[in-house]
Amino acid sequence: MQSYTIGRAARLLGVSPDTARRWADAGRIATHRDENGRRLIDGRDLAAFAVENGRGDTVEEGSYTSARNAFPGIVTAVTLGDVAAQVEIQAGPHRLVSLLTREAVEELGLEVGAEATARVKATSVHIDRA
């Protein structure tokens with residue numbers, strides 16, 4: 001079974017290594033030591049923790065949606081055309097780019113530095129194994 005260092009687990013979870021260490025110290029993630037004394041997390045334990053940690057309420061009060069893949073972040077770029085617009089959001093380690101109408105961007109008040117949540121609902125999702 002694959003094991004992950006605290007640093008690698010932190011990158012996969014989208015948090016700092018200090019946060020992952022605090023979670024491990026608090027017993028939220030089980031760890032063991034390798035022959036060099038490094039703390040490792042078993043892949044199955046990390047996967048279970050990631051699922052449990054991701055179950056937080058991502059929908060704001062009074063807001064309802066069927067899109068479950070929510071990426072809260074900050075708007076880093078807005079490109080306005082006559083009719084369409086492109087908005088980029090940095091959500092942790094993820095850069096998301098969305099094409100939408102200019103009218104929608106203006107109604108939402110999207111500008112660089114604004115908080116926003118990208119919600120993804122797709123019919124086709126591709127997965128690569130590292």
Side-chain angles (χ1 to χ4, degrees):
M1 174 187 316
Q2 183 161 354
S3 292
Y4 296 91
T5 63
I6 294 281
R8 182 69 180 145
R11 283 190 296 280
L12 292 170
L13 294 170
V15 299
S16 73
D18 286 337
T19 296
R21 276 189 210 90
R22 282 192 297 275
W23 287 341
D25 291 344
R28 291 186 62 194
I29 306 174
T31 64
H32 65 277
R33 299 230 181 233
D34 69 4
E35 61 278 356
N36 296 319
R38 294 182 309 166
R39 290 192 339 184
L40 299 176
I41 302 169
D42 284 334
R44 289 185 190 278
D45 291 338
L46 182 60
F49 177 82
V51 168
E52 186 61 34
N53 196 47
R55 286 203 173 122
D57 185 14
T58 58
V59 178
E60 292 182 22
E61 187 67 32
S63 175
Y64 301 97
T65 180
S66 64
R68 297 292 181 238
N69 302 310
F71 296 88
I74 188 165
V75 175
T76 57
V78 176
T79 306
L80 295 173
D82 291 337
V83 176
Q86 177 177 305
V87 176
E88 294 182 30
I89 294 176
Q90 190 68 38
H94 309 289
R95 176 180 164 261
L96 296 113
V97 179
S98 179
L99 299 176
L100 54 163
T101 65
R102 179 185 182 121
E103 180 181 19
V105 169
E106 291 168 350
E107 284 179 5
L108 292 169
L110 297 177
E111 58 186 23
V112 173
E115 266 188 75
T117 300
R119 295 192 188 277
V120 180
K121 188 165 186 174
T123 58
S124 178
V125 176
H126 299 263
I127 298 173
D128 294 338
R129 184 165 186 258

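Computed from a prediction, not measured in an experiment: that's the story for all the values here.
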Taking every non-hydrogen atom, the tightest pair across Ala20 and Val15: N-CG2, 4.3 Å
Min side-chain heavy-atom separation Ile41-Thr5 under 4.5 Å: no
CG on Leu13 to CZ on Arg8, rounded to 0.5 Å: 10.5 Å
Side chains of His32 and Asp42 in contact at under 4.5 Å (non-hydrogen atoms): yes
ILVMFWY cluster, Leu108 and Val87 together (side-chain gap under 4.5 Å): yes
Validation row: Thr31, Ile6 side chains within 4.5 angstrom (heavy atoms): yes
Non-hydrogen side-chain atoms of Leu46 and Leu12 separated by less than 4.5 Å: yes
Side-chain (Asn69) to main-chain (Val120) donor-acceptor, under 3.5 angstrom: yes
Transitive ILVMFWY side-chain link Ile74 to Phe71, under 4.5 Å: no
For Pro72 against Ala91, the heavy-atom pair lying closest together: O-CB, 3.3 Å
Residues which pass side chain to side chain contact (heavy atoms under 4.5 Å, CB included) with Asp18, listed by chain and number, not counting sequence neighbours: Ser16, Arg21, Arg22
Cationic N near anionic O, under 4.0 Å, Asp25 to Arg39: yes
side-chain hydrogen bond (donor to acceptor under 3.5 Å, both in side chains) contacts in which one or both residues fall within residues 102-114, not counting sequence neighbours: Arg102-Glu106
Main-chain N/O of Arg38 paired with Asn36 side-chain donor or acceptor, under 3.5 Å: no
Within one Ile-Leu-Val-Met-Phe-Trp-Tyr cluster: Leu40 and Trp23, side-chain cutoff 4.5 Å: no
Residues, nucleotides or ligands: over 12 heavy atoms within 6.0 Å of Arg95 CZ: no
Gln86: which of Val78, Leu99, Leu100, Leu80 passes side chain to side chain contact (heavy atoms under 4.5 Å, CB included): Leu99
